[in-house]
> 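The structure follows.
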Amino acid sequence: MAGTAQPWLRRLFSGRSVVIGLPYAWLLLFFLLPFLILAKISVSEMENVVFKDLITYKDGLLQLQLKLSNYVFITQDALYYKTYIASLQYAAATTVLCLAIGYPFAYFMARARPERQPLLLMLVMLPFWTSFLLRVYAWKGLLSEHGWVYDAIVGLGLDQVLLAAGFISAPGKLMNTPFSLVLGMTYTYLPFMILPLFGNLAKLDVRLLEAAADLGASPWVAFWKVTVPLSKAGIIAGSMLVFIPCVGEFVIPELLGGPETLMIGRVVWDEFFSNNDWPMASAVAVVMVLLIIVPLALFNKYQAEAQEAGK
Amino acid sequence: MNTAAFNRLFARGWLSLGYAFLYLPIVALIVFSFNDSPLPNVWRGFTLKWYAALPDDREMLAGLWLSLRIAFFTACGSVVLGMLAAFTLVRYRRFTGRTAFSGMVSAPLVMPEVVVGLSLLLMLVSIQRAVGFPERGMLTIWIGHLLLGMAYATVVIQARLQDLNPQLSEAAMDLGARPWQVFTLITLPMIAQSLASAWLLTFTVSLDDVVLSAFLSGPGATTMPLVIFSRARLGLNPSVNAVATLIVLVVAIGVLVASYMIARNERRRAQELAAAGHA
């Protein structure tokens, strides 16, 4: 008996098991388990402050009671599903803008002289180190009346363009609009787009572009047929790093958005802190996770591939 | 103007505008922290009165002290857990549940903080109702920050571990080193720099967090970002600018010192490699 138990015991306490086991146990306990509890509470009945058990056993009758009314309510009440759609739209607009600004940016960084690249890279990362909250707050001053950016935009008459595009609802009012919200999110998440794209584009083999040119492709054609397809992994990683957190963003809409730019993170917050309706807050959060599960899977697939490639 | 010159000019212009976009808010924060005006975004004249008022700002100071303590413990915990997770991902390519593990490690990086904060709180409340522990406060905020910090630390340390030459530790083992000795004598010194950057990064992530702290804090445990956030929600506030400027100053000094030391280490390593005949 002891002879068979010993190798098993020794394996359990080996260095390998501890190295794998400690972070694994931590993640199961503090990441996975909370999600299961969240899902459970979203279908629980709340009596005063106590949740009723989902499974009850009484008089030989085993009962599973799931309260789905929260989910039904989410699909029927316009406030909820419209907010989900708006959140996805704002996140998508932010992702597109980040890609439009970030792709050329990362491309030019990768084409800069090699000895300059570490400095350029550090300058992108540096804002990361200063408080994100304070940088978002700074936009409040810049976009309010008499702020620097406000004066520039209104002075150039660009507010008429934004008005025509539907990003603001009155000329000369930039704060608390879809414009200020998307600008703030684009600003905050731009480095998350640039960094994976730069990592990808810096590794691009320039000889492929030379080969394309030798075969008669113009630089423009070579860019679209060679560079862009080869940087697909960077585009996906950057887009997911921007899109997924933007869907559930809370701080930026709270500081720069307004009543017309309600996002789903705020709904979770209000259900929890103002209405004290924990099951409803959980249901709203569960639906949010379901909405981002596909982008999340894409992101994880890319992460795994990057790991294999980096080996 | 020929095409090449135009292209170069266009690239320079795009990069300059991009960096201007990234740094404009930081410059504005600093400039208006010295502004002597009731309207915080209109320049009226130079003053230091917002800084002079900071030592009397009890709420902000208490928040700062709490945030610094939480950030310190978060950074230490994140580096330990992140190092173990990075080791697991790089060294052990085969074990049960590896896919789930790598998914869970990086998920907190992108998962909306509202979801992470809410689910963690619901679990901690359930535990507290069952066993009467833990109270919401510093400990619960720390657990939340550690979850986020571990994800960041893993990415940073993993990138360095992947670059390590496995032959070095194999050679040490051939020469009779125990696994523990290989780790402390060979691996640890070679990844020390990434451990330091992971520590600094997770420290700042924790020092900056609003959403997780809001869900996980209890009465009397108000971190500095929560103080700043509640003031910023109400409108522009010069005291926030003054705090921001001090933070930027500390970060700038820290980054300069760190990059100087990294450059010095790289030079020394290059010299050693050259001396050993590798270059």
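What's counted below: heavy atoms across the whole structure, side chains too, no hydrogens, waters or symmetry copies. Residue numbering restarts at 1 for every chain, and letters A, B, ... go by the order of the sequence lines.
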> Chain B heavy atoms under 4.5 Å from V247(A): which part of the residue, side chain, backbone, both or neither?
neither

> Taking side chain as everything from C-beta outward and backbone as N, CA, C, O, which of these in L190(A) sits under 4.5 Å from a heavy atom of chain B? Side chain, backbone, both or neither.
side chain

> Heavy-atom cut-off 4.5 Å, strictly under: side chain, backbone, both or neither for I41(A) against chain B?
side chain

> So which atom in A112(A) and which in L120(A) form the shortest heavy-atom distance, rounded to 0.1 Å?
CB-CD1, 3.6 Å

> Taking C-beta and beyond as the side chain, do R91(B) and V19(A) meet within less than 4.5 Å on heavy atoms?
no

> Which region of L296(A), side chain (C-beta onward) or backbone (N, CA, C, O), has a non-hydrogen atom less than 4.5 Å from a non-hydrogen atom of chain B, or is it both or neither?
side chain

> Let me know if V251(B) has heavy atoms under 4.5 Å from chain A in its side chain, its backbone, both or neither.
side chain

> At a 4.5 Å cut-off on heavy atoms, which part of L200(B) comes close to chain A: side chain, backbone, both, or neither?
both

> Looking only at heavy atoms and a cut-off of under 4.5 Å, which of A285(A), P104(A), P191(A) has the most pairs with chain B?
P104(A)

> Side chain, backbone, both or neither: which part of A252(B) has a heavy atom under 4.5 Å from chain A?
neither

> If you count heavy-atom pairs within less than 4.5 Å of chain A, which of I247(B), V243(B), V210(B) leads?
V210(B)

> Taking side chain as everything from C-beta outward and backbone as N, CA, C, O, which of these in T88(B) sits under 4.5 Å from a heavy atom of chain A? Side chain, backbone, both or neither.
both

> Taking side chain as C-beta onward, heavy atoms only, is F229(B) less than 4.5 Å from E254(A)?
yes

> Are any of the side-chain heavy atoms of M240(A) and V110(B) separated by less than 4.5 Å?
no

> I want to check something: taking the side chain as every heavy atom from C-beta on, are F105(A) and L197(A) in contact at a cut-off of under 4.5 Å?
no

> Which answer fits S106(B), side chain, backbone, both or neither, if we ask what part of it has an atom under 4.5 Å from a heavy atom of chain A?
both

> Could you check whether any side-chain heavy atom of S239(A) comes within less than 4.5 Å of a side-chain heavy atom of L298(A), counting everything from C-beta outward?
no

> Looking at T204(B), N241(B), L122(B), V248(B), which makes the most heavy-atom pairs under 4.5 Å with chain A?
L122(B)

> Most heavy-atom pairs under 4.5 angstrom with chain A, which of W43(B), F32(B), Y92(B)?
Y92(B)

> Tell me whether the rings of W199(B) and F203(B) are parallel (<30°), tilted (30 to 60°) or perpendicular (>60°).
parallel

> Side chains of L147(B) and L212(B): does their closest heavy-atom pair fall under 4.5 Å?
no

> Before you tell me yes or no, could you show the steps for F87(B) and F183(B) under ring-ring contact (aromatic ring centres under 6.0 Å, His included), namely the whole-Å CA-CA distance, both residues' side-chain angles and the distance that decides it to 0.1 Å?
CA-CA 11 Å; F87(B) 248 88; F183(B) 177 74; 5.6 Å; yes

> Using heavy-atom distances under 4.5 Å, tell me whether V105(B) contacts chain A through its side chain, its backbone, both, or neither.
both

> Is the ring pair Y103(A)/F223(A) parallel, tilted or perpendicular, if the boundaries are 30 and 60 degrees?
perpendicular

> Heavy-atom distance under 4.5 Å to chain B: side chain of V124(A), backbone, both or neither?
both

> Give the member of G97(B), G82(B), A100(B), A159(B) that has the highest number of heavy-atom pairs under 4.5 Å with chain A.
G97(B)

> Given a strict heavy-atom distance threshold of 4.5 Å, which part of E249(A) is in contact with chain B: side chain, backbone, both, or neither?
neither

> Locate the shortest heavy-atom distance separating M150(B) from A85(B); write the atom from each residue and the value.
CE-CB, 4.0 Å

> Please look at F299(A) and chain B and tell me whether the side chain, the backbone, both or neither of the residue comes under 4.5 angstrom of a heavy atom of that chain.
side chain

> Could you please spell out the steps behind the ring-ring contact (aromatic ring centres under 6.0 Å, His included) verdict for W26(A) and F31(A)?
CA-CA 8 Å; W26(A) 168 268; F31(A) 189 70; over 10 Å; no

> So, H145(B) versus T202(B): side-chain donor-acceptor pair below 3.5 Å or not?
no

> Tell me, for L142(A) versus chain B, whether the close heavy atoms (under 4.5 Å) come from the side chain, the backbone, both or neither.
side chain

> Could you tell me which of M288(A), K140(A), R111(A) has the largest number of non-hydrogen atom pairs under 4.5 Å with chain B?
K140(A)

> Could you tell me which portion of L201(B) (side chain, backbone, both or neither) has an atom closer than 4.5 angstrom to a non-hydrogen atom of chain A?
both

> Answer with side chain, backbone, both or neither: which region of S282(A) has an atom nearer than 4.5 Å to a non-hydrogen atom of chain B?
both

> Given the options V242(A), L38(A), L133(A), which has more heavy-atom pairs under 4.5 Å with chain B than any of the others?
L133(A)

> Which region of L36(A), side chain (C-beta onward) or backbone (N, CA, C, O), has a non-hydrogen atom less than 4.5 Å from a non-hydrogen atom of chain B, or is it both or neither?
neither

> Side chain, backbone, both or neither: which part of P118(A) has a heavy atom under 4.5 Å from chain B?
neither

> Could you check which of L146(B), L207(B), V116(B) has the highest count of heavy-atom pairs closer than 4.5 Å to chain A?
L146(B)

> Are side-chain heavy atoms of M111(B) and F35(A) found at a separation under 4.5 Å?
yes

> At a 4.5 Å cut-off on heavy atoms, which part of F272(A) comes close to chain B: side chain, backbone, both, or neither?
side chain

> State, yes or no, whether a side-chain contact exists between P196(A) and L241(A) at a heavy-atom distance under 4.5 Å.
yes

> When only pairs under 4.5 Å are counted, which of I292(A), L126(A), T188(A) shares the most heavy-atom pairs with chain B?
L126(A)

> Would R8(B) count as a cation-pi partner of F10(B), with NZ or CZ less than 6.0 Å from the six-membered ring centre and within 45° of the ring normal?
no

> Measuring centre to centre across the rings, with the benzene-like ring taken for any Trp, is F215(B) within less than 6.0 Å of F273(A)?
yes

> With only heavy atoms counted, which part of I37(A) is less than 4.5 Å from chain B, the side chain, the backbone, both or neither?
side chain

> Considering only heavy atoms, which portion of I264(A) lies under 4.5 Å from any heavy atom of chain B: side chain, backbone, both, or neither?
neither

> Output the option from N237(B), V250(B), L17(B), V155(B) having the highest count of non-hydrogen pairs under 4.5 Å with chain A.
N237(B)

